[in-house]
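A short worksheet on the structure shown next.
For ligands, and for the atoms within them, numbers begin at 1 and follow the listed sequence. Residue numbers start at 1 and run along the sequence shown. Because the structure is predicted, anything quoted here is derived from the model rather than measured.
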Amino acid sequence: MSVCEFRPGLEGIPAAQSGISFVNGQQGILEYRGIRIEELAEKSNFLETAYLLIWGELPTQQELEEFEHEVRHHRRIKYRIRDMMKSFPESGHPMDALQASAAALGLFYSKRDLENPVYVRDAVVRLLATVPTMIAAFQLMRNGNDPVRPHDGLDYSANFLYMLNEREPDPLAARIFDVCLILHAEHTMNASTFSARVTASTLTDPYAVVASAVGTLGGPLHGGANEEVITMLEEIGSVENVRPYLEDCMQRKAKIMGFGHRVYKVKDPRATILQKLAEQLFEKFGYDKYYDIAVELEHAVAEKLGGKGIYPNVDFYSGLVYRKMGIPTDLFTPVFAIARVAGWLAHWKEQLVQNRIYRPTQVYNGHHDVSYTPVHLRQ
Ligand SMILES: CC(=O)SCCNC(=O)CCNC(=O)[C@H](O)C(C)(C)COP(=O)(O)OP(=O)(O)OC[C@H]1O[C@@H](n2cnc3c(N)ncnc32)[C@H](O)[C@@H]1OP(=O)(O)O
Ligand SMILES: O=C([O-])CC(=O)C(=O)O
């Protein structure tokens, strides 16, 4: 094999063959199994989209009803998981709580049976069903309250908002939240999905796959940017301060959070939809001054950095949507994870079809033949 050039961040290097999603970064196109994201956002719901991603086709009415029924009936978390979460430090980040809890779930299903479709389906259902419950439970318990039991009469998204806020959500808010989950469900070979596929390739269990992906999603260069965006908008504070803030960032060569993408060189199509969803929410529930700051920042960044292909990504407007729903800032990335579980599991299943363990190479730039220095002689 020829010696390859090292590409930092593996830019442009295919890490898998995949039929799950497609991105055209020059034209701002995203498709799940060939269907444009705009169409899914308008016509589908999250569980149907998850089914599409994981099993490769839209479900029939009966398949969808069965799948929704199964997910609905696996939403409760085990007392032992709940008690474990109760012992987590309240000040800990909910992404860490989620990562630990997803991994702990695997302790209860440690007999791996990856070739058995029943095992695969159970794991898919259980992870999709319990991740929202774990997040809502941690949120309530860190504030000294008991978790709220899932509401069997509510669908996937409405139930999550119900568990979080201890009341049934407004139907528009629940539908918008569900669309947000569709938008965040999958995105080709992003860092957390790569992490999921690497973990899957060792033939470990799907709980470990999801736990490793959650850990990867949390970083501020990836899903964690949605939280950073709100912090940044608060720091900017006013529309007048947008341009001085941007100048200062550019001078310091600091990244503007929620902007830029390895693949998109135009505005992320998901950001366009999320911006519209934010506007719909503001129309019904009142205006948010940070929205004007965000729009001004988008204009200013397009003027200064548009030439480099730097435009809003999915994380730029999502926080404004979640804020309006009363979701705390440090739950924005866990909410992203609720959705992305679908994509990670689709990649887990796909990886297993023709698995080969990931084991890339490296360019060694260290020393050779170094002799051992006894500790008392070391400077
Ligand atoms: C769900 C998601 O993961 S979406 C991404 C969420 N992350 C963010 O919003 C964090 C901010 N954005 C970034 O850090 C980057 O754009 C990433 C991580 C998304 C992509 O990183 P990469 O593809 O490695 O791009 P890289 O960091 O090399 O940037 C390329 C050039 O664009 C510039 N650039 C990229 N993003 C930004 C940004 N947000 N603000 C200012 N400049 C930027 C870089 O400074 C660099 O400029 P240079 O060539 O003059 O040095
Ligand atoms: O594709 C990426 O690198 C990041 C991203 O937008 C996502 O994971 O949704």
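Counting heavy atoms only, His261 comes closest to atom 5 (C) of ligand 2 of the residues Met189, Arg262, His261, Glu186. Proximity annotation for atom 1 (C) of ligand 1: of Thr333, Leu305, Asp315, Asp315 comes nearest, heavy atoms only. Within the set Asn226, Ile256, Asp268, Thr216, the minimum heavy-atom distance to atom 41 (C) of ligand 1 is found for Ile256. Between atom 36 (N) of ligand 1 and the options Arg262, His184, His261, Lys255, the minimum heavy-atom separation is to Lys255. Between Gly260, Gly309, Gly219, Cys249, it is Gly260 that holds the heavy atom closest to atom 16 (O) of ligand 1.
Taking the centre of each ring, Tyr109 and Tyr207 come in below the 6.0 Å mark.
Looking from atom 18 (C) of ligand 1 to the surrounding protein, the closest heavy atom is Leu221 O, 3.8 Å. Protein heavy atom closest to atom 11 (C) of ligand 1, with residue, atom name and distance, is Phe259 O, 3.3 Å. The protein heavy-atom contact nearest to atom 3 (O) of ligand 2 is Asn190 CB, 3.6 Å. In this structure, the protein non-hydrogen atom closest to atom 1 (O) of ligand 2 is His187 ND1, 2.7 Å.
Checked for salt-bridge contact, Asp155 and Arg175 miss the test: no charged N lies under 4.0 Å from a carboxylate O. Of the charged side-chain nitrogens involved, at least one lies within less than 4.0 Å of a carboxylate oxygen, so that Arg323 and Glu234 count as a salt-bridged pair. Between Asp83 and Arg80 there is no salt bridge, since none of the side-chain N atoms of the basic residue sits less than 4.0 Å from a carboxylate O of the acidic one. Using a 4.0 Å cut-off between a side-chain N of Lys or Arg and a carboxylate O of Asp or Glu, Lys43 and Glu39 qualify as a salt bridge. Salt-bridge formation is detected for the pair Asp170/Lys284: a Lys NZ or Arg NE/NH1/NH2 atom is positioned less than 4.0 Å from an Asp or Glu carboxylate oxygen. A salt bridge links Glu303 to Arg243: one of the charged nitrogens lies within less than 4.0 Å of a carboxylate oxygen.
For the pair Arg121 and Trp55, the cation-pi test (distance below 6.0 Å, angle within 45°) is passed.
In terms of polar-atom proximity, defined here as any N/O pair under 3.5 Å, Ala254 makes no such contact with ligand 1. Below 3.5 Å of separation, one finds no N or O of Ala225 facing any N or O of ligand 1. For ligand 1, the polar-atom distance check finds no N/O of Val314 at less than 3.5 Å from any of the ligand's N/O atoms. When only interatomic distances are considered, the shortest N/O to N/O separation between Arg340 and ligand 2 falls below 3.5 Å.
Here Leu98 contributes atom CG and Ile135 contributes atom CD1; the two are 5.0 Å apart, rounded to the nearest 0.5 Å. In this structure, Phe160 CZ and Ile338 CD1 are separated by 4.0 Å, a value rounded to the nearest 0.5 Å.
Close approach to Ile310 involves these atoms of ligand 1, each under 4.0 Å from a residue heavy atom: 32 (O), 33 (C), 34 (N), 35 (C), 37 (C), 42 (N), 43 (C). Close contacts between ligand 1 and Lys308 involve ligand atoms 47 (O), 48 (P), 50 (O) [criterion: under 4.0 Å to a heavy atom]. Listed by number with element, the atoms of ligand 1 under 4.0 Å from a non-hydrogen atom of Phe336 are 1 (C). Taking every non-hydrogen atom of Pro220 and a distance limit under 4.0 Å, the qualifying atoms of ligand 1 come out as 7 (N), 10 (C). Ligand 2 places these atoms under 4.0 Å from at least one heavy atom of Arg270: 5 (C), 6 (O), 7 (C), 9 (O).
Using cut-offs of 30° and 60° on the angle between ring planes, the pair Tyr156 and Phe46 is tilted. Ring geometry, His261 versus His187: the interplanar angle exceeds 60°, so the pair is classed perpendicular (tilted spans 30 to 60°). Relative orientation of the Tyr358 and Phe194 rings is perpendicular, given thresholds of 30° and 60° on the angle between their planes. Between His222 and Phe336, the angle of the ring planes goes over 60°, which puts this pair in the perpendicular group of the 30/60° scheme.
When Tyr317, Tyr291, Tyr287 are each tested for a ring-ring contact (aromatic ring centres under 6.0 Å, His included) with Phe282, only one passes: Tyr291.
With hydrogens and angles disregarded, a donor-acceptor distance shorter than 3.5 Å links the side chain of Asn190 to the backbone of Ser192.
For atom 21 (O) of ligand 1, the protein comes within 4.0 Å by no heavy atom at all. For atom 28 (O) of ligand 1, the nearest protein heavy atom lies 4.0 Å or farther away. Counting protein heavy atoms under 4.0 angstrom from atom 34 (N) of ligand 1 gives one or more. Using a 4.0 Å threshold on non-hydrogen atoms, atom 3 (O) of ligand 1 counts as touching the protein. Of the protein's heavy atoms, none falls inside 4.0 Å of atom 25 (O) of ligand 1. Distance remark: protein heavy atom not present below 4.0 angstrom from atom 31 (C) of ligand 1.
With a 4.0 Å cut-off on non-hydrogen atoms, Glu11 does not touch ligand 1 at all. At a heavy-atom cutoff of 4.0 Å, ligand 1 is contacted by the side chain of Asn313 but not by its backbone.
At least one heavy atom of Gly258 sits closer than 4.0 Å to an atom of ligand 1.
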